[in-house]
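Every chain is numbered from 1 and lettered A, B, ... according to where its sequence line falls, protein lines coming before strand lines.
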There are 2 protein chains.
Amino acid sequence: MATTEPTSPSVTLEEIARVAGVSPSTVSRILNGTVRVSPAKREAVEQAIAQFNYRPNVLARSLASGKTNTIGVLTQTIASPFYAEWLRGIEDALYEPGFTPVFVSSRWNVTEECSRIEQFIARRVDGIIILHGQLDESRLEEFSRQTPIVVLGRSLEDGPTLAGFPIDNVQGAFDATRHLIAEGHRKIAFIAGPTSHTDALERLVGYRMALEEAGIGFDAIRVEQGDFLEAGGVAAMERLFERGVGFTAVFCANDQTAYGARLVLHRRGLRVPEDISIVGFDDVPTSQYATPPLTTVRQPIYDIGRQAAGAIVRLIRKEPVTLSAFPLSLIVRETTCAPGRVEPIVDFTS
Amino acid sequence: MATTEPTSPSVTLEEIARVAGVSPSTVSRILNGTVRVSPAKREAVEQAIAQFNYRPNVLARSLASGKTNTIGVLTQTIASPFYAEWLRGIEDALYEPGFTPVFVSSRWNVTEECSRIEQFIARRVDGIIILHGQLDESRLEEFSRQTPIVVLGRSLEDGPTLAGFPIDNVQGAFDATRHLIAEGHRKIAFIAGPTSHTDALERLVGYRMALEEAGIGFDAIRVEQGDFLEAGGVAAMERLFERGVGFTAVFCANDQTAYGARLVLHRRGLRVPEDISIVGFDDVPTSQYATPPLTTVRQPIYDIGRQAAGAIVRLIRKEPVTLSAFPLSLIVRETTCAPGRVEPIVDFTS
DNA sequence: TTGTACGCGTTATCAT
DNA sequence: ATGATAACGCGTACAA
């Protein structure tokens with residue numbers, strides 16, 4: 001009957017074959033649908049499989065076939081609203097083609113990044129997706145000879161097994177700053193990201209470009225260093241105030257930084273946006289629920305993740321990858337408005 | 001010399017043995033440090049390994065040894081500030097013993113949860129960690145006969161290969177509500193979590209207990225349904241207002257719900273905490289940076305994750321697991337204070 | 001200490 | 001259509 005046996009530890013394909021009275025090859029064929037088998041045998045095999053609750057050993061299968069159906073995904077950290085969205089997109093998109101992602105964090109450490117990739121290769125993953133990453137291009141190129149690699153957030157000289165998906169940080173930062181300028185702001189501070197991070201640097205460039213385009217001129221005194229985290233936003237904002245430099249708006253290198261900055265404003269009794277406008281970058285899922293909802297540069301993070309998944313699959317199948325640009329868009333919510341009537345801060349600079 | 005060869009696609013242990021002029025088993029022994037080998041041969045082998053940049057095939061190794069050094073981790077979703085902290089703790093703690101976690105989301109779907117676990121078993125993971133999960137205990141017990149399982153956030157009848165780590169939601173919710181009462185609040189609303197979720201139910205119980213202990217009495221009219229997400233918090237809060245029921249404080253089933261609720265308050269021109277106090281649950285990393293910083297019940301999420309990792313490792317090694325309780329603690333920050341002088345909302349109920 | 005031979009659970013290449 | 005048989009890359013008793 002359909003009485004499932006007490007799930008024995010590990011039934012093998014061979015045993016199933018024996019029970020069903022066929023050869024192992026036939027069972028394998030039925031499992032993989034390689035060629036047609038007679039209905040009778042198929043019936044017998046399927047029944048045996050059900051009876052013993054048999055599950056093929058993925059390891060053995062991979063060893064024999066040379067494919068693991070596994071994609072190594074290297075992220076800086078898994079506990080970040082930003083990276084998590086990428087991972088979610090990747091996981092979802094990888095599901096249909098039957099690939100399993102293996103997420104690993106390198107914790108912002110280049111050495112670990114390198115060793116993790118070697119581990120991926122030792123695991124014989126079919127492909128690797130790297131989120132940002134700090135490895136130089138030559139090493140990436142080298143690794144990509146062992147297994148296809150897709151890098152998100154970087155522009156790379158693409159090859160048959162290597163593809164980079166850049167993100168237009170400059171444009172995004174430019175748009176954000178321009179929005180502030182259009183609202184009437186002239187003194188716009190900027191809280192930057194870590195200097196080791198390309199994205200951070202590019203966003204600084206965009207900020208600067210917008211300023212110069214408007215004839216305002218860039219002034220390093222209004223720029224402070226953050227770390228892409230809330231804590232860095234807090235510290236940077238404090239320093240901005242201590243410095244006594246005047247500003248009516250702050251553009252933050254990412255949303256988390258903006259949250260930190262916003263808290264300092266609150267502590268100092270400054271209203272957002274009435275007293276100070278604030279703009280973030282990324283549009284992390286929670287940003288629309290911040291109080292007030294954050295004006296920010298939206299990256300279609302989830303969709304970028306999906307595209308990356310699609311790209312690595314195509315790379316594996318040796319199909320050409322068409323890397324479409326990801327449009328960034330400014331989402332104007334409620335943390336920006338025209339500068340207040342009263343200059344809230346003593347201004348030493350004018 | 002030390003000229004690393006062009007990283008040939010896949011050098012095997014056998015080739016290394018041949019080059020070094022020893023037998024495959026010797027190479028294997030050196031790799032695993034099983035027994036001592038003569039310095040001369042070791043030298044030759046290590047050089048060959050370096051020269052060919054050889055990395056053992058993890059698959060073959062697992063197939064032969066019967067161990068994958070892999071832990072399947074099943075989460076509801078990877079993109080949640082709460083679950084992400086758990087995952088981070090797990091990953092960090094698993095690193096030292098040399099295990100690799102494989103994170104998979106079941107997307108709140110019981111069917112998928114089940115199939116994912118079967119996939120884990122097919123992959124021959126050495127153990128499984130389930131974050132919450134909705135599977136009934138009998139199925140868990142059944143699965144745990146194939147591979148050790150640790151379940152976070154549930155109380156289970158522990159066996160030699162099954163351990164559940166409950167979280168004292170009742171106590172936490174009780175403390176939170178009590179804090180509000182101690183501040184002088186009498187009309188305390190509650191935004192619940194999904195009814196399918198045990199945690200959510202238990203937090204409701206704690207809320208109710210505190211109310212009754214204080215002689216206030218529970219009134220279902222002040223309870224609204226959320227979904228543990230910001231959107232649910234928004235909707236629930238709106239309904240609370242539409243209902244026209246008076247309250248001076250809101251206890252939310254988790255932090256994300258609190259953020260949603262807080263936004264509605266802001267939209268209605270109500271100040272937090274002057275007009276309405278608000279308390280969350282979880283103490284997600286960002287909560288200390290919310291504006292204002294959220295008063296909430298702190299779960300040591302990251303550490304719980306670490307403990308879970310330790311537990312599964314011990315289960316695998318057939319060592320006894322000592323499941324210590326996780327102390328929840330109320331973190332009073334800045335969203336709670338004594339009720340305002342003026343009752344802000346029309347109250348139909350008094 | 002070192003080498004040989006077999007097994008791990010499948011897939012794949014042959015014949016039949 | 002089906003069944004032997006040989007890989008796949010490594011660990012490990014067993015023997016030497």
Side-chain angles (χ1 to χ4, degrees), chain A residues 8-46 48-49 52-70 98 119 121-126 146-147, chain B residues 8-46 48-49 52-70 98 119 121-126 146-147:
Chain A
S8 49
S10 56
V11 204
T12 71
L13 180 148
E14 199 170 1
E15 300 184 67
I16 295 297
R18 190 148 31 80
V19 171
V22 299
S23 78
S25 333
T26 302
V27 179
S28 175
R29 282 192 264 264
I30 291 174
L31 253 35
N32 299 300
T34 327
V35 289
R36 37 187 344 102
V37 278
S38 74
K41 307 217 175 211
R42 146 165 274 128
E43 179 70 23
V45 169
E46 279 172 349
I49 289 178
F52 288 92
N53 192 25
Y54 164 74
R55 303 270 168 245
N57 184 323
V58 175
L59 263 50
R61 195 186 274 228
S62 299
L63 183 60
S65 69
K67 299 179 189 311
T68 56
N69 292 321
T70 283
Q119 284 178 33
I121 293 175
R123 288 186 95 83
R124 299 298 190 268
V125 296
D126 293 339
Q146 313 216 37
T147 183
Chain B
S8 47
S10 54
V11 204
T12 71
L13 180 148
E14 199 170 357
E15 300 183 66
I16 295 296
R18 191 148 31 81
V19 172
V22 299
S23 77
S25 38
T26 301
V27 179
S28 174
R29 283 191 263 265
I30 291 174
L31 253 35
N32 300 300
T34 326
V35 288
R36 32 181 355 95
V37 275
S38 74
K41 307 216 175 211
R42 146 164 277 128
E43 178 69 23
V45 169
E46 279 173 347
I49 289 179
F52 288 91
N53 193 22
Y54 165 73
R55 303 272 167 241
N57 184 322
V58 175
L59 263 52
R61 197 187 273 232
S62 299
L63 184 60
S65 69
K67 299 178 188 313
T68 56
N69 292 320
T70 283
Q119 283 178 32
I121 293 175
R123 288 186 93 83
R124 299 300 190 266
V125 296
D126 293 338
Q146 312 215 37
T147 183

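- Across the protein-nucleic acid pair, B:Leu13 atom CG and D:dG9 atom P stand 11 Å apart, rounded to whole Å.
- Mapped onto DNA chain D by nearest heavy atom, B:Asn32 and A:Ser23 fall at different nucleotides, with A:Ser23 at the one closer to the 5' end.
- Nucleic acid contact for B:Thr26: sugar-phosphate only, since backbone atoms but no base atoms lie under 4.0 Å from a heavy atom of the residue.
- At least one donor-acceptor pair closer than 3.5 Å links the side chain of B:Thr68 to the backbone N or O of B:Arg124.
- Counting heavy atoms from C-beta outward, A:Arg29 and A:Val45 have side chains that stay 4.5 Å or more apart.
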> Does the side chain to side chain contact (heavy atoms under 4.5 Å, CB included) test come out yes or no for A:Leu31 and A:Leu13, once each step is laid out?
Replying inline: CA-CA 10 Å; A:Leu31 253 35; A:Leu13 180 148; 4.2 Å; yes
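- Listed for the B:Asn57 side chain is a donor-acceptor partner under 3.5 Å among the backbone atoms of B:Leu59.
- Following rounding to the nearest Å, A:Glu14 (CD) and D:dG3 (P) show an atom-to-atom distance of 14 Å.
- Neither side chain, B:Ser25 nor B:Ser28, offers a donor N or O lying under 3.5 Å from an acceptor on the other.
- In this structure, A:Arg29 reaches the bases: a heavy-atom distance under 4.0 Å links it to at least one base atom across the strands shown.
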> Yes or no on side chain to side chain contact (heavy atoms under 4.5 Å, CB included) for A:Thr147 and A:Asp126, after CA distance, side-chain angles and deciding distance?
Replying inline: CA-CA 6 Å; A:Thr147 183; A:Asp126 293 339; 5.7 Å; no
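- Residues B:Val27 and B:Val22 meet the side-chain proximity criterion, which asks for heavy atoms closer than 4.5 Å.
- Contacts of residues 58-67 of chain B with DNA chain D (heavy atom under 4.0 Å): B:Ala60, B:Arg61, B:Ala64.
- Contact annotation: A:Ser38 side-chain N/O to D:dT2 OP1/OP2 distance is under 4.0 Å.
- Reading DNA chain C from its 5' end, the first and the last nucleotide to sit under 4.0 Å from a heavy atom of chain B are C:dT1 to C:dG9.
- Within the nucleic acid shown, B:Pro24 has no heavy atom closer than 4.0 Å to any nucleic acid atom.
- At distances below 3.5 Å, not a single donor-acceptor pair connects side-chain atoms of B:Thr70 with backbone N or O atoms of B:Val125.
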